[in-house]
*Asks:* 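My structure is below; once you've seen it, I'll send some questions.
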Amino acid sequence: MTLNERESSDQSTAHRLAHAGLIRLPAGGVPGGRVPAELSETGQDLLEPLASAA
């Protein structure tokens, strides 16, 4: 997965984040392929208060 243009190969974490509904497969992405991670709407809603406080 790629977060903020930094590549990560932590598939276990990516799997957990996806199953928690916090990230999603981007349009055109193939499951199991290397794609940039996208925050889901749920992930955005949870992080928004933290970004506002910073």
*Asks:* Holding to side-chain hydrogen bond (donor to acceptor under 3.5 Å, both in side chains), I want the full list of residues that pass it with Arg24, two or more places apart in sequence or in another chain.
*Replies:*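 With neighbours one apart ignored, the set is Glu38.
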
*Asks:* Sequence neighbours left out, what pairs pass ring pair (Phe, Tyr, Trp, His ring centres under 6.0 Å) with at least one residue falling in residues 24-54?
*Replies:* none

*Asks:* Kindly compute the distance separating CG (Leu17) from CG (Leu22), expressed to the nearest 0.5 Å.
*Replies:* 6.0 Å

*Asks:* Just grab all the ring pair (Phe, Tyr, Trp, His ring centres under 6.0 Å) pairs involving residues 10-52, residues at least two apart or on different chains.
*Replies:*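 Pairs touching residues 10-52 that pass the test: His15-His19.
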
*Asks:* Give me the atom names and distance for the closest heavy-atom approach of Leu39 to Leu47.
*Replies:* CD1-CD1, 3.8 Å

*Asks:* To check you understand the geometry: which heavy-atom pair defines the closest contact between Val35 and Gly29, and what is its length?
*Replies:* CG1-CA, 3.9 Å

*Asks:* Just so I know, are the side chains of Asp45 and Thr42 near enough to count as touching, which here means a heavy-atom distance under 4.5 Å?
*Replies:* no

